[in-house]
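Working notes, structure below.
Predicted, not measured: the structure shown is a model, and the values here were computed from it. Ligands are counted one by one from 1 in listed order, and the atoms in each one are counted from 1 as well.
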Amino acid sequence: MFTIDAHLDLSMNALEWNRDLRRPVSEINAREKGLTDKPDRGNGTVSLPELRKGNIGLVVATQIGRYVAPDNPLPGWHSPEQAWAQTQGQVAWYKAMEDDGEMVQVTDLYSLEAHVEVWRNNSLEKKPVGYILSLEGADSIVTVRYLERAYQYGLRAIGPAHYGPGRYANGTDATGKMGPQGLALLKEIERLNIILDATHLCDDAFWQALDNFNGHIWASHNNCRALVNHNRQYSDEMIKALVNRGAVIGAALDAWMMVPGWVRFKSTPKEMNCNLEVMIDHVDHICQIAGNALHVGIGSDLDGAFGREQCPYDLETIADLQKIPAILQKRGYTQQDIENMMHGNWLRFLRNAWK
Ligand SMILES: [Zn+2]
């Protein structure tokens, strides 16, 4: 079934993990044998051939570059300008993938419909993977005026926050409302009709953003606090508010966000019973709150600084997202519901945002 994944850190993998994503996952992993610089070495699940194999024809692909103040222990750049430069390298990689026929950028209704048509009807041997460019964490937007420059090279979604304190908004594990800069950024996001990604906003910033932003909001990769209690997850009230705004929430496949009690670098997916069924528990929770299956999709975050050691054990590569429709069917979802969750909800959202 045609599938949309609303959150993949493709350029980060290419440039920081040094993965040539045109190669098969098995080859990428084999080349990482013996490397110990990152905990997920040799455990990758994502590459462009695997996306094609899994009929995942459209993804939301990120740029990411954090700024850290001297007292911030998180990894990141020491100035916003360095973070901006990092994200420009990431854009250059996406453009090189376009030049090579591997990917194609989707930026508006016309390119969206044309791309969906290619995946629906075209028998091309190697279909280009469509991508909508998103920025995870806005620290690299040096000043609010930079956002229009980003729009010009195709940026169509932005999450103002990531982990910790942000220049515009505080994120996961942080607290506190946005100041004048954050509010000015929201205004500019709205003016440019860029989609606001509510994922990673801390609770204070989340509610403030909903009150101050009148454009289109989605949550690209977010699970439920009721099932795994952590500030990174959404409370039922937050889910309700997003549903009321017409948002779609992408279910994420990072094990610690799926099963309670996950201990990083210690727990294993098998012993924690972390499989794709658990993802459907989160999906189902959102559907129960919404009263329908119209507000949830996939935002897997696969290879977002974790690999097979920290994702469902019944997923070997991202192509295994194709196991999800059968599980949904077993849970009593209709064919229409399943198509909506695999791609239809994201498509409806985009068609509405770009009309
Ligand atoms: Zn994230």
Side-chain angles (χ1 to χ4, degrees), residues 4-17 38-40 43-46 59-68 72 74-77 83 86-87 90 131-141 155-174 194-203 205-206 209 217-225 227-228 230-234 238-239 242 247-259 262 264 279 282 286 296-307 309-312 318 321 346:
I4 297 178
D5 188 334
H7 193 82
L8 290 175
D9 297 317
L10 296 181
S11 65
M12 183 188 87
N13 274 271
L15 297 189
E16 292 180 58
W17 269 246
K38 299 185 191 291
D40 56 330
N43 280 330
T45 64
V46 178
V59 303
V60 179
T62 64
Q63 302 172 277
I64 183 165
R66 181 189 289 116
Y67 161 74
V68 285
N72 186 341
L74 291 171
W77 296 100
Q86 171 80 359
T87 61
Q90 294 164 348
Y131 76 101
I132 295 162
L133 189 65
S134 179
L135 178 65
E136 184 167 29
D139 289 355
S140 60
I141 299 297
L155 189 75
R156 291 295 180 270
I158 182 170
H162 191 224
Y163 277 86
R167 293 181 60 231
Y168 295 95
N170 295 321
T172 302
D173 295 333
I194 293 176
I195 295 157
L196 177 67
D197 189 345
T199 292
H200 283 297
L201 288 172
C202 71
D203 284 27
F206 174 91
I217 305 178
W218 70 24
S220 62
H221 58 306
N222 239 109
N223 290 348
C224 306
R225 208 173 282 183
L227 303 185
V228 178
H230 189 280
N231 71 77
R232 166 78 179 82
Q233 315 265 81
Y234 282 148
M238 294 162 104
I239 294 169
L242 286 169
V248 177
I249 302 168
L253 292 177
D254 195 339
W256 80 263
M257 293 165 60
M258 299 175 70
V259 291
W262 182 273
R264 250 197 185 128
M279 173 198 184
H282 288 267
I286 295 168
V296 65
I298 298 169
S300 76
D301 202 12
L302 286 168
D303 292 2
F306 65 95
E309 79 291 349
Q310 198 176 300
C311 77
I318 194 165
L321 292 184
W346 293 123

Any Lys/Arg nitrogen of R225 or D203 sitting under 4.0 Å from an Asp/Glu carboxylate oxygen of the other?
yes
D303 side chain reached by D40 side chain, heavy atoms, under 4.5 Å
no
Name whichever N, O or S atom of E136 ends up nearest to the Zn ion (ligand 1).
OE2
For F206 and Y234, take the angle between the two ring planes, folded into 0 to 90°, and tell me which bin it lands in: parallel under 30, tilted 30 to 60, perpendicular over 60.
tilted
For a 4.5 angstrom cut-off between non-hydrogen side-chain atoms, does Q233 reach H282?
yes
Is it true that some N/O/S atom of H7, main chain or side chain, lies under 2.8 Å from the Zn ion (ligand 1)?
no
Please state the angle at the Zn ion (ligand 1) spanned by NE2 of H200 and NE2 of H221: what is it, rounded to 10 degrees?
100°
